[in-house]
Amino acid sequence: MLDALYDARDRIRVINARHEAGAANMAEAYGKLTGRPGVAMVTRGPGACHAAVGVHTAAQDSTPMVLLVGQVERWVADREAFQEVDYRQMFGPLAKWVAQVDRADRVPEYVARAFHVAVSGRPGPVVLALPETC
């Protein structure tokens with residue numbers, strides 16, 4: 001993903017927050033200031049836990065936000081892999097929609113829906129889990 005973002009650097013600005021909580025708070029602030037979803041990308045396990053505070057803030061303040069969370073590879077899913085978390089369970093009470101993308105060809109569909117849900121009706125946070133390989 002980082003390679004793709006580098007290739008799109010003339011269209012997508014990437015800011016390194018150096019900590020997941022900071023990234024989530026920055027995305028929440030961007031959404032609050034612009035009305036467009038702020039986007040944060042965090043690692044799995046502890047990274048997602050650190051970002052949960054920003055997701056909760058976005059939910060309480062009706063701020064559009066999209067959080068992309070790394071997930072374990074599909075072939076080790078549901079086997080208690082290192083830092084594996086069921087993000088649908090974890091973020092379910094905090095976000096408008098939580099999903100996990102399991103097929104690479106469906107990434108555009110999920111991302112489009114995430115942005116749509118984040119701004120539709122009462123704005124709020126959306127969480128997408130992205131396995132290392134789809």
Side-chain angles (χ1 to χ4, degrees):
M1 179 174 274
L2 290 175
D3 288 340
L5 287 171
Y6 180 79
D7 292 343
R9 65 189 176 278
D10 58 328
R11 297 179 309 279
I12 300 173
R13 183 173 178 206
V14 176
I15 299 170
N16 182 355
R18 298 198 174 130
H19 193 277
E20 294 87 352
N25 288 330
M26 290 166 63
E28 196 275 334
Y30 179 89
K32 191 172 286 173
L33 291 169
T34 66
R36 297 187 312 253
V39 180
M41 184 170 63
V42 299
T43 60
R44 64 182 180 243
C49 291
H50 290 264
V53 175
V55 173
H56 186 259
T57 302
Q60 286 192 320
D61 290 353
S62 301
T63 304
M65 175 181 173
V66 174
L67 179 69
L68 305 175
V69 181
Q71 179 59 294
V72 299
E73 293 185 83
R74 284 187 15 195
W75 68 274
V76 295
D78 301 322
R79 295 183 178 142
E80 297 182 18
F82 181 65
Q83 296 181 343
E84 178 182 9
V85 174
D86 182 342
Y87 296 109
R88 289 169 284 224
Q89 291 287 326
M90 178 181 163
F91 285 106
L94 302 177
K96 286 183 69 176
W97 182 54
V98 184
Q100 179 166 304
V101 182
D102 289 322
R103 291 183 20 207
D105 63 326
R106 295 193 66 194
V107 170
E109 170 193 346
Y110 276 87
V111 171
R113 181 171 176 196
F115 276 81
H116 176 74
V117 170
V119 298
S120 297
R122 177 181 173 196
V126 172
V127 178
L128 286 181
L130 304 167
E132 282 186 41
T133 55
C134 290

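Treat the numbers as computed from the prediction; the structure is a model and nothing was measured.
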Mind checking whether [X] and [Y] have side chains closer than 4.5 Å, heavy atoms only?
| X | Y | value |
| --- | --- | --- |
| Val14 | Arg9 | no |
| Met41 | Leu2 | yes |
| Pro123 | Lys96 | no |
| Tyr30 | Arg36 | yes |
| Tyr87 | Arg44 | yes |
| Val111 | Leu128 | yes |
| Met26 | Ile15 | yes |

Among the clusters formed by ILVMFWY side chains lying less than 4.5 Å apart, do [X] and [Y] turn up in the same one?
| X | Y | result |
| --- | --- | --- |
| Met90 | Val55 | yes |
| Phe115 | Val117 | yes |
| Ile12 | Tyr6 | no |

Minimal non-hydrogen separation, [X] against [Y], with atom names:
| X | Y | answer |
| --- | --- | --- |
| Ala40 | Ala23 | CB-O, 3.7 Å |
| Ala17 | Gly22 | CB-C, 4.0 Å |
| Val119 | Gly35 | CG1-O, 4.1 Å |
| Leu94 | His56 | CD2-CD2, 3.3 Å |
| Met65 | Ala24 | CE-O, 3.6 Å |
| Gly31 | Thr63 | C-CG2, 3.6 Å |

- Query: When you measure from the centre of the six-membered ring of Tyr110, is the NZ or CZ of Arg113 under 6.0 Å away and within 45° of the axis?
  - Reply: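 No, cation not above the ring by the 6.0 Å, 45° rule.
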- Query: Glu20 pairs by side-chain contact (heavy atoms from CB on, under 4.5 Å) with which of Val69, Leu67, Val42?
  - Reply: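 Looking at Val69, Leu67, Val42, the match for Glu20 under the side-chain contact (heavy atoms from CB on, under 4.5 Å) is Val42.
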- Query: Once you round to the nearest 0.5 Å, how far does OG1 of Thr43 lie from NE2 of His50?
  - Reply: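 Thr43 OG1 to His50 NE2: 8.0 Å, rounded to 0.5 Å.
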- So how far is it from Leu5 CG to Arg11 CZ, rounded to the nearest 0.5 Å?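 It is 10.0 Å, given to the nearest 0.5 Å.
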- Message: Is it the case that over 12 heavy atoms from other parts of the model lie below 6.0 angstrom from the NE2 atom of His19?
- Response: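 Yes, the 6.0 Å shell around NE2 holds more than 12 heavy atoms from other groups.
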